[in-house]
Amino acid sequence: MEAATVAAALGFLLLAGVGSSSVGEAREETVVRELVVGLLGPGPAADFLVSVERALATESGLDAYRLSGGGRARVRVRGSTGVAAAAGLHRYLRDFCGCQVAWSSSQLHLPQPLPVVPEELAETTPNRYRYYQNVCTESYSFIDWMALNGINLALAWSGQEAIWQRVYLALGLTQSEINDYFTGPAFLAWGRMGNLHTWGGPLFCFWHLKQIYLQHRILDRMRSFGMIPVLSAFAGHVPKALTRVFPQINVTRLSSWGHFNCSYSCPYLLAPEDPVFPLIGSLFLWELSKEFGTNHIFGADTFNEVRPPSSQPSYLAAITAVYEAMIVADPDAVWLLQGWLFQNEPQFWGPDQVKAVLRAVPLGRLLVLDLFAESKPVYSRTDSFHGQPFIWCVLHNFGGNHGLFGTLEAVNRGPEAARLFPNSTMIGSGIAPEGIGQNEVVYALMTELGWCKDPMPDLVAWVTGFAKRRYGISQGDAEEAWKLLLRSVYNCSGEACVGHNRSPLVKQPSLKINTTVWYNRSDVFEAWQLLLKAAPNLTTSSAFRYDLVDITRQAIQEMVSLYYEEVKISYRKKDLILLLQAGGILAYELLPVLDEMLATDKRFLLGSWLEQARAVAVSEAEAHFYEQNSLYQLTLWGPEGNILDYANKQLAGLVEDYYAPRWRLFLETLAGSLAQSVPFQQQQFDKNVFQLEKSFVLSKKRYSSQPQGDTVDLANKVFLKYYPRVVNGSL
């Protein structure tokens, strides 16, 4: 594609006004000053002078910040937007003060006097957009955190079901039909993408009211920083009940998704050429904009993990009806599309099919998320999305799983490679994990790169600095531990790297689980030892205590894999004694001690997880409903274990009452088959273990949200008991 065409496409998106904020400089300046006070306290905040100055931005609208002062003078932070000013503040705290703002725990010990910025530091981002969120993130999982990390574009999809309810009622659907259509709260993301309906529902009346209120608060906070919220739009999926109201409409029932039957899947897709399509699409956006306003960027995914009924380019191009319905309600609309569909099923999405969708929308009016670009980039095989602007994203995590994992080298080098691609239309970078609250080092690197033109020159030096900032002091053993993790668990490479934990610990037991890993397990055990050596100097650090739980959890996970292999070997050798020994350690020692370890930290408690779900409710019945939604997502995912353990977590309570009983039943069944000289029947076991799994989900047991025990003491005891066995190979 000619450079002039690419420039025209990018120019439209840059200059069409989609990035401009309706909030003035004064409001953005005020909210950043409030952020400083909230973050540091009134006293330390007085040492900072924050201002928002639009003139700092480049001619093409790229954000910039300036830092100066310190010492006896106040630290001056100037930004082109509230987000830019917040990012500048974070840069000063990170690089000059050695602080860190993180999901698990922030470290904000300011040195006194405040360090001096030797000469004014000027930084301009190369990325028009720094994006955050996957459509799944809400259903698997902060605006101030976003601002400090320079993020200026993010999904804001709360409350849309309340708007759809208004639209469907106006179109003639009954309340009962609407209730039957919506999924439950834990599965809304897949309802919104047309994968599911009904499952886990209905939604309570108070849910809609609270979501409307929450969305207003989210949007107000985002816009006060100058962020651009991405609202939702009509993708073409409709309730079956719509065919009662409009008997002549042209709908197609799509294929099922995720092993669900058509009671919960097989969505109805309204034909793009049907005159009702623009009616519904524009009605929804009018109602949405009336309630929430607009920043002109709307997300919609018509074929997310669902195969279109036709591969003909002419049919696929007709899906531009999604965009055409947008511009009826908002002439400045830009369609944000997740590019996941193109890499998820490449057999269907050949060059002609991809081009048909991308070129059907005017250049610059479609913004594509290259969602899994760190492992499977799509831009490089689609001629930079055929001229449409795109955002290079790190997906990293699937299902919100725990487990140390990362592709830091690919993350570090990927954005530059995309920017230098011939006729590149890359316009931003972003993070799009399915779940948060894990592997913070990956997101710390990516958000920092959002303001860098070049990769980090030395990842070892960078991760050493990360450890120092995270714990508030330079501690040699801790920094060496992070170097070992960088070269092992965080050094996955190639298309096979997927951040989805498939350890035997969190999978339904069988004799066919693959325990191969891309790293040397000894590096994990050595990093564990080094963090324990560092503990006496770091026990006051909340982030360190989190990491110590996490590395101990990972070490136990590795040992579960090793003992599982011993179980398989002993079964094949028909050695009942060895099977009972190895299986006994796995199910009756390692899993209980893992649960006990996780219970020492509130951030690893099932009780904390469920407490958040219950907090949304206004009655005990509603609280139990939300709790059960959460438990289904963590385990069975569907009524029959349809996507079993996809969203697995390692939480105290979940290990004790879900994972451990499965493994005990498996080992008892294996031992019985050996003792009776009969083959192990996997299918029968699957039926039996499903009853355990479903009983766990349906149980009304309440779990504590208060930690028990001391993290450091217990980690030391576990280490002293098991580390010698691992090192000596005497499992």
Heavy atoms of G406 and V442 approach each other most closely as CA-CG2, 4.2 Å

Is there a donor-acceptor pair under 3.5 Å between the side chain of D301 and the backbone N or O of A235?
no

With no hydrogens and no angle check, just 3.5 Å: does a side-chain donor-acceptor pair link Y626 and E622?
yes

No-hydrogen, no-angle side-chain donor-acceptor test under 3.5 Å, S105 and S542:
yes

Apply side-chain hydrogen bond (donor to acceptor under 3.5 Å, both in side chains) to Q557 and N501, showing your working.
CA-CA 10 Å; Q557 176 180 299; N501 193 344; 2.9 Å; yes

Measure centre to centre between the rings of Y658 and F696, then say whether the value is under 6.0 Å.
yes

Just one of R221, Q211, E291 clears the side-chain hydrogen bond (donor to acceptor under 3.5 Å, both in side chains) bar with H216, so which one?
E291

K210, NZ: over 12 other non-hydrogen atoms inside 6.0 angstrom:
yes

Measure the CG-CD1 distance between L285 and I280 for me, rounded to the nearest 0.5 Å.
12.5 Å

If you take the centroid of each ring, where Trp contributes its six-membered ring, are Y443 and H396 closer together than 6.0 Å?
yes

Does R603 make a cation-pi contact with Y546 (under 6.0 Å, within 45 degrees of the axis)?
no

Hey, is R502 close enough to D645 for a salt bridge, meaning N to O under 4.0 Å?
no

Are W663 and Y564 near enough that their ring centres are under 6.0 Å apart?
yes

So that I can tick it off, tell me whether R244 and E177 are bridged by a salt bridge, with the cut-off set at under 4.0 angstrom between side-chain N and carboxylate O.
yes

Do the side chains of L337 and L369 get nearer than 4.5 Å, heavy atoms only?
no

Can you name the ring-ring contact (aromatic ring centres under 6.0 Å, His included) partners of W349, sequence neighbours left out?
F342

Is the CZ atom of F348 crowded by more than 12 outside heavy atoms at less than 6.0 Å?
yes

Between S265 (side chain) and W257 (backbone), is there a donor-acceptor pair under 3.5 Å?
yes

Of all residues at least two apart in sequence or in a different chain, which pass the salt bridge (charged side-chain N to carboxylate O under 4.0 Å, His left out) check with E161?
R192

For K649 and W609, work out which heavy atoms get closest and say how close.
CE-CH2, 3.7 Å

With a 4.5 Å limit on heavy-atom distance, are the side chains of L148 and L35 in contact?
yes

When you look at E611 and S705, which way does the side-chain hydrogen bond (donor to acceptor under 3.5 Å, both in side chains) test go after all the steps?
CA-CA 7 Å; E611 186 178 60; S705 58; 3.0 Å; yes

Please find the pair of heavy atoms, one from F182 and one from H208, that lie closest to each other, and give the distance.
CE1-CE1, 4.1 Å

Test salt bridge (Lys or Arg N to Asp or Glu O under 4.0 Å) applied to D550 and R553, step by step
CA-CA 5 Å; D550 209 16; R553 178 208 54 72; 2.9 Å; yes

So does A300 get a backbone contact from the side chain of W335, meaning a donor-acceptor N/O pair under 3.5 Å?
yes

If every non-hydrogen atom of T407 is compared with every non-hydrogen atom of S375, which pair is closest and at what distance?
CG2-OG, 4.4 Å

Would you call the rings of F398 and F372 parallel, tilted or perpendicular, taking 30° and 60° as the class edges?
perpendicular

Could you state the interatomic distance from CG (L214) to CH2 (W207), rounded to the nearest 0.5 Å?
8.5 Å

Any luck finding a side-chain donor-acceptor pair between Q633 and N629 under 3.5 Å?
no

Donor on one side chain, acceptor on other, Y659 and Q508, under 3.5 Å:
no

Side-chain contact, heavy-atom cut-off 4.5 Å: V306 with L341?
no

Just checking, is any N or O donor in the side chain of N149 or R130 under 3.5 Å from an acceptor N or O on the other one?
no

Taking K376 for the side chain and E374 for the main chain, is one N or O donor matched with an acceptor at less than 3.5 Å?
no

Does Q683, at its CD atom, have more than 12 non-hydrogen atoms belonging to other residues, nucleotides or ligands within less than 6.0 Å?
no

Under 3.5 Å, side chain of Q554 to main-chain N/O of L404, donor-acceptor pair present?
yes

Can you check whether Y632 and W199 have ring centres sitting under 6.0 Å from each other?
yes

Between Y264 and W190, is the ring centroid distance below 6.0 Å?
no

Keeping N642 on the side-chain end and E640 on the backbone end, is there a donor-acceptor pair under 3.5 Å?
yes

Test item: Q338 and M193 side chains (from C-beta on) under 4.5 Å apart, heavy atoms
yes

Would you say Y131 and C393 make side-chain contact, with heavy atoms under 4.5 Å?
yes

Heavy atoms only: give me the nearest G653-L606 pair and the separation to one decimal.
C-CD2, 4.0 Å

Between the side chains of W103 and Q438, does any donor sit under 3.5 Å from an acceptor?
no

Does D595 use its side chain to pair, donor to acceptor, with the backbone of A599 at less than 3.5 Å?
no

Counting N and O atoms only, with roles assigned by atom type, does the side chain of T635 sit under 3.5 Å from a partner on the main chain of L631, one being a donor and the other an acceptor?
yes

Please step through salt bridge (Lys or Arg N to Asp or Glu O under 4.0 Å) for the pair R545 and D601, ending with a clear verdict.
CA-CA 8 Å; R545 297 179 81 90; D601 194 298; over 6 Å; no

D686 versus Q682, side-chain donor and acceptor atoms under 3.5 Å
yes

Is it the case that the side chain of N648 and the backbone of V506 share a donor-acceptor pair, with hydrogens and angles ignored and the cut-off at 3.5 Å?
no

Between Q708 and E596, is any side-chain donor less than 3.5 angstrom from a side-chain acceptor?
no

Mind checking whether Y646 and H500 have ring centres under 6.0 Å apart?
yes

Going through the checks in order, is the side-chain hydrogen bond (donor to acceptor under 3.5 Å, both in side chains) test met by N152 and Y132?
CA-CA 8 Å; N152 68 345; Y132 173 58; over 6 Å; no

Are F666 and F685, when compared by the centres of their aromatic rings, separated by less than 6.0 Å?
yes

Quick one: pull up CG in L594 and CD1 in I556 and give me the separation to the nearest 0.5 Å.
5.0 Å

Heavy-atom check, side chain of N688 versus side chain of Q691, under 4.5 Å:
no

A quick test of your reading: do over 12 heavy atoms of other residues, nucleotides or ligands sit less than 6.0 Å from NE2 of H259?
no

So which heavy atom on S503 is nearest to which on S561, and how close?
OG-OG, 4.0 Å

Indicate yes or no for a side-chain donor-acceptor contact from S289 to the backbone of W286 under 3.5 Å, with no hydrogens or angles considered.
no

